[in-house]
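Here's the structure we're looking at; comments come further down.
Order of the sequence lines fixes the chain letters, A, B, ..., with proteins taken first and strands second; residue numbering starts at 1 for each chain. It should be emphasised that the depicted structure is a prediction, and the values quoted were computed from it without experimental measurement.
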Number of protein chains: 2
Amino acid sequence: MGKAYDVMAATCPSRTVLHRIGARWTVFVVLALGDGPRRFTQLKTRIEGITPKVLTETLRALEADGLVRRTSLPGNPPGVEYALTDLGRSLGGPMRAVSEWAESHVPEILAARARYADAEA
Amino acid sequence: MGKAYDVMAATCPSRTVLHRIGARWTVFVVLALGDGPRRFTQLKTRIEGITPKVLTETLRALEADGLVRRTSLPGNPPGVEYALTDLGRSLGGPMRAVSEWAESHVPEILAARARYADAEA
DNA sequence: GATACCGGTTACTTCAACGAAACCGGGACG
DNA sequence: CGTCCCGGTTTCGTTGAAGTAACCGGTATC
């Protein structure tokens, strides 16, 4: 039997999953939570350039998809902790692979872009 | 020494790379070219739901980044062939990993979404 | 009492991406 | 000659994701 889901199929639910994964800030949040639970402010600091609004939205979306668990800490001072679920942790591998690919191929890509810009001028 | 590029840094060029990788249709094109060169129409057929305009844009962007090579076939009938470059092929692994993750965790995620929708109602 | 930190929320705006539809030249086919 | 396929381009409109900025209650600190 073939696989149950196929991203090439127009109406396959895996497309919605891929869409969530590909959202602008998802990768950063998943990576930032890779070493363990973090507070909202820690995430905001670590992920440079993210605004609180977008961070909230991203965390909510990941929580809705079961990738992140949000826990209120009733201690003093009260706080909120975000952690990856097992499901979220299982996405960490592929995400790390993609971000490491990005980090390690920057020079080639910048060079290609420069070449392309030249060629069309 | 630390790594040269860090996706967590606001101004790091790796962010632009990640942005390109995360673009809606990039993953589909890279995967569709994974088995070898393809014609424009073949890609359009294989990637269900993509419009010619968006396919053109995506291919141009990937070409600019040096991930895809565009070759005019002067034969008869004339045609155009798209193929991954070595760089593009090296991205295939991570991309396949992500898409396979998506395909294989659809049920869990749909269940989580349903649970979340219930919980907030 | 004033100030600051935490973990957000709200309202408004902007902008790039995406999509729909029509159209195009060149060649092949009948 | 009329029609079809290939590989796009062009125009227009939409939308939703993202950004800006201000604000909020509660707690603790000075």
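For B/His19, the side-chain atoms get nearest to C/dA17 when compared with the rest of D/dG8, C/dA17, D/dA18. Checking C/dT10, C/dC18, C/dG7 against the side-chain heavy atoms of A/Phe40 singles out C/dG7 as nearest. Considering only the side chain of B/Thr56, D/dT9 comes nearest among D/dT9, C/dG19, C/dC6. Comparing D/dG7, C/dG8, D/dT9 by their nearest atom to the side chain of B/Val80 picks out D/dG7. Of the candidate nucleotides D/dC6, C/dC18, D/dA18, D/dC6 has the atom nearest to the side chain of B/Thr41.
For C/dG8, the base has no donor-acceptor partner in the side chain of A/Lys53 [N/O atoms by modelled type, under 3.5 angstrom].
Between A/Arg24 atom CZ and C/dC18 atom P the separation is 11 Å, expressed in whole Å. In this structure, the CG atom of A/Leu43 is 10 Å from the P atom of C/dG7, given to the nearest Å. The nearest whole Å value for the distance from the CZ atom in A/Arg60 to the P atom in C/dG7 is 13 Å. Rounded to an integer number of Å, the gap from CG of B/Leu59 to P of D/dC6 is 16 Å. Whole-Å rounding puts the A/Glu57 CD to C/dG8 P distance at 13 Å. The CD-C1' distance, from B/Glu81 to D/dG7, rounds to 14 Å in whole Å. Between A/Leu55 atom CG and C/dT9 atom C1' there is a gap of 13 Å when expressed in whole angstrom units. When the C1' atom of D/dG19 is taken as reference, atom CD of A/Glu48 falls 17 Å away, rounded to whole Å.
Between A/Arg89 and A/Asp86 there is a salt bridge, since a side-chain N of the basic residue sits under 4.0 Å from a carboxylate O of the acidic one.
Taking CZ of B/Arg60 as the reference point, atom CG of B/Leu55 lies at 9.5 Å (rounded to 0.5 Å). Note that CD1 of B/Ile47 and CG of B/Leu33 are 7.5 Å apart. Values are rounded to the nearest 0.5 Å.
Residue B/Thr51 is in sugar-phosphate contact alone, with no base atom involved, counting any heavy-atom pair closer than 4.0 Å across all strands shown.
Taking the six-membered ring for Trp and thresholds of 30 and 60 degrees, A/Phe28 and A/Trp25 have ring planes inclined between 30 and 60 degrees apart.
Judged purely by atom type and a 3.5 angstrom limit, B/Glu103 uses its side chain to pair as donor or acceptor with the backbone of A/Val7.
Phosphate proximity of D/dG7 to B/Arg39: present, with a side-chain N or O under 4.0 Å from OP1 or OP2.
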